[in-house]
2 protein chains.
Amino acid sequence: MPERQSSRKDAVRNREAVLAAADALFARRESPEDVTMAEVAAAAGVGKGTLFRAFGDRAGLLRALYEARLEPVRQAVETGPPPLGPATPPRDRVPALLDAVLCFKLDNRRLALALEEGGSRSPYRAEHYERWHSLLRAVLEQIPGLSDSDFIAHALLAATRADLVEHLAGEERVPRERMRAQLASFVTRALTSGHRKS
Amino acid sequence: MPERQSSRKDAVRNREAVLAAADALFARRESPEDVTMAEVAAAAGVGKGTLFRAFGDRAGLLRALYEARLEPVRQAVETGPPPLGPATPPRDRVPALLDAVLCFKLDNRRLALALEEGGSRSPYRAEHYERWHSLLRAVLEQIPGLSDSDFIAHALLAATRADLVEHLAGEERVPRERMRAQLASFVTRALTSGHRKS
DNA sequence: TAGAATCCGGACCCTGGGTCCGATTCAACG
DNA sequence: CGTTGAATCGGACCCAGGGTCCGGATTCTA
C-alpha cells in the first residue's frame with residue numbers, strides 16, 4: 001500500500017518529478033507500450049526504486065496520472081452546472097456524459113490507451129470504469145420506458161473505448177467534432193424507448 | 001512469412017499437435033496471459049523453435065486458432081441461409097450478425113480475449129476485425145435513412161468486445177440468453193431512423 | 001542409398017517489470 | 001549546531017517470458 005503521503009520534502013518533490021516526466025513521455029511517444037519504467041525514472045532524475053515505492057507498479061503510475069487528469073471532469077459531473085451536473089434531465093445528461101468521456105479520451109489519447117489496454121487486468125475491473133458505469137446506469141434508470149440500464153451503460157461506454165477513439169482519430173482521421181456528433185447521434189438513438197412515438 | 005505449407009509429414013503433424021495443445025491450454029487456464037509459449041511447446045511435445053517457425057510469433061498462433069474456430073461462422077455469413085446469409089433484409093441481418101459475433105465470443109471466451117486484448121497491437125488493425133466491420137458497414141448502408149454507417153458499425157461491434165463479454169458472463173453472471181436479448185434490443189434501438197415516426 | 005534440403009529442439013539472448021540493500025538525506029532532539 | 005535514528009534514494013540485481021540460433025536428426029529426391 002504505497003498510498004500514504006510522505007512528509008519528506010524530497011519524497012514529494014520526486015513524486016511530482018516522476019508524474020511530470022511520465023506525462024511528457026506518454027505524450028511524446030507514439031505507443032504507450034514502449035515507454036519503459038526505467039525510462040520514466042531516468043527522465044525524472046530518479047532511481048527505479050523510488051519510482052516503484054511511490055506508485056507500487058506500472059498500473060499505479062498510470063492510475064495516478066489518469067486520476068489527476070480526470071479530476072476536473074469528475075468535479076464538473078458531480079457538482080457542476082448542466083448539462084453535465086446532476087440537475088440535468090436524464091435524456092440530456094446521458095449524451096452529455098458520454099460526450100465528456102469522449103472528449104477526455106481525445107485529449108488524453110495515449111494515456112487512456114495505456115491505462116485501458118496496457119494493463120494485464122481487464123479494464124472492467126478498474127474502479128474508474130466502475131464509477132462511470134454506475135453513474136451512467138443510475139441516470140439511465142431514470143429514463144421511463146427503458147430497461148437493461150446495466151447493459152446499455154456498458155454498451156454506450158464501449159463506444160468510447162480508448163483504442164477505438166485512437167483508431168478513429170489516428171487512423172481514419174475522423175475530425176473531433178464529427179466524432180462527437182456521431183457519438184451523440186448514436187447515443188440518442190439508443191435511448192429511444194422500445195416503441196416509437198405514434 | 002511462415003505461411004507456406006510444408007509437405008513434410010512431421011511438420012504438419014507438429015503443427016496440428018501445437019494447435020490442439022494450445023487450444024486445450026487456453027480453455028483450461030483462467031487467464032490467457034499466463035499460458036506461456038514454452039508451455040504450449042512442452043504440452044505439444046515440441047521445441048520452442050518448432051513452434052515459432054510454424055506460427056511466427058504469439059499473435060500468429062492466436063490468429064491461427066481464431067481463424068480455425070471462426071471458419072464455420074464465416075461460411076454461414078458469406079454463403080448461408082437467412083438470417084445470417086446475404087439474402088436477408090438488412091434490418092434483420094444486422095442483429096443476426098451481431099448475435100453471431102456475441103455467441104462466438106461466448107463460446108470462445110478465453111481465445112477471443114487472448115487475441116483481442118493480449119496483443120500489443122490495437123485490435124482494430126487485425127484483419128478479422130476489418131472483415132466484420134466492413135461487412136457490417138455495407139449492410140448498414142443499405143438501411144434507408146441511416147447515416148454514419150462507419151461509426152455505427154464500430155460502436156455496435158464495440159458492444160461485443162471480448163473483455164466486455166467476459167466481464168458480463170464471468171463477473172456479473174449474466175446468462176447467455178439474457179445477454180443475447182439485451183444486445184438484440186440494443187442493436188434494434190440503434191437502428192431506428194434519426195427522426196421518430198410522427 | 002547417398003546427398004541435400006528441411007526440420008527439430010533446447011540452450012541461449014534480451015527486454016523490461018519489479019526487488020533489495022548499502023549509502024544518503026532528512027528532521028527531531030539535546 | 002551536532003548527533004542520531006529513521007525514512008528515502010538509486011542503481012545493481014533478479015526473473016519471467018518472448019523470440020533466435022545452430023548442431024544434429026529426419027525426410028524427400030535422384
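Just so it is clear, the structure is predicted and the values come from calculations on it, not from any experiment. Below, chain A is the first sequence line, B the second, and so on; all start at residue 1.
Pairs passing the side chain to side chain donor-acceptor pair (under 3.5 Å) check and including a residue from residues 73-87 of chain A, sequence neighbours excluded, read Glu71(A)-Gln75(A). Sequence neighbours left out, the pairs with a member in residues 96-106 of chain A that pass side chain to side chain donor-acceptor pair (under 3.5 Å) are Asp99(A)-Arg180(A), Lys105(A)-Glu116(A). A side chain to side chain donor-acceptor pair (under 3.5 Å) check over residues 140-159 of chain A, counting only residues at least two apart or in different chains, returns the pairs Tyr129(A)-His154(A), His133(A)-His154(A), Arg137(A)-Glu141(A), Arg137(A)-Asp150(A), Asp148(A)-Gln182(B), His154(A)-Glu172(B).
For the pair Arg63(A) and Glu67(A), the salt-bridge criterion is not met [side-chain N within less than 4.0 Å of a carboxylate O].
If you take CG of Asp10(B) and C1' of dC28(D), they are 11 Å apart, rounded to a whole angstrom. Atom-to-atom, CZ of Phe55(A) to P of dT19(C) comes out at 16 Å; the value is rounded to the nearest Å. If you measure from atom CZ of Phe52(B) to atom P of dG17(D), you get 12 Å, rounded to the nearest angstrom. In this entry the distance linking CG of Leu51(B) with C1' of dC21(D) reads 16 Å, nearest Å. As rounded to whole Å, 10 Å separates atom P of dT6(C) from atom CZ of Arg8(B). Atom-to-atom, CZ of Arg53(A) to P of dA6(D) comes out at 17 Å; the value is rounded to the nearest Å. When rounded to the nearest whole Å, the span between CZ of Arg15(A) and P of dA7(D) equals 18 Å. Between Lys9(B) atom NZ and dC8(C) atom P the separation is 13 Å, expressed in whole Å.
The side chain to side chain donor-acceptor pair (under 3.5 Å) search around Lys48(A) returns none, not counting sequence neighbours. For Thr36(A), the side-chain contact (heavy atoms from CB on, under 4.5 Å) partners are Ala38(A), Glu39(A), not counting sequence neighbours. With sequence neighbours excluded, the residues forming a side chain to side chain donor-acceptor pair (under 3.5 Å) with Asp163(A) are Arg161(B), listed by chain and number. Partners of Tyr66(B) by ring pair (Phe, Tyr, Trp, His ring centres under 6.0 Å), not counting sequence neighbours, listed by chain and number: Phe104(B), His128(B). In this structure, Arg110(A) has no side chain to side chain donor-acceptor pair (under 3.5 Å) partners at least two apart in sequence or on a different chain.
Within residues 19-39 of chain B, no residue has any heavy atom closer than 4.0 Å to DNA chain C. Of the residues in residues 40-47 of chain A, not one comes within less than 4.0 Å of DNA chain C through any heavy atom.
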Scan nucleotides 12-15 of chain D against the protein and return all N/O pairs shorter than 3.5 Å with their distances rounded to 0.1 Å.
none

Please tabulate, for the side chains in residues 16-28 of chain B, all donor-acceptor contacts under 3.5 angstrom to protein atoms that are two or more places apart in sequence or on a different chain.
{"residue": "Asp23(B)", "atom": "OD1", "partner": "Arg69(B)", "partner atom": "NH2", "Å": "2.6"}
{"residue": "Asp23(B)", "atom": "OD2", "partner": "Arg69(B)", "partner atom": "NH2", "Å": "2.9"}

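More than 12 heavy atoms of other residues, nucleotides or ligands lie within 6.0 Å of CD in Glu127(B), so this atom counts as buried by the packing criterion.
Taking only side-chain nitrogens and oxygens, Asn14(A) never comes nearer than 4.0 Å to OP1 or OP2 of dT8(D). Between dG18(D) and Arg58(B), a contact under 4.0 Å exists linking OP1 or OP2 to a side-chain N or O.
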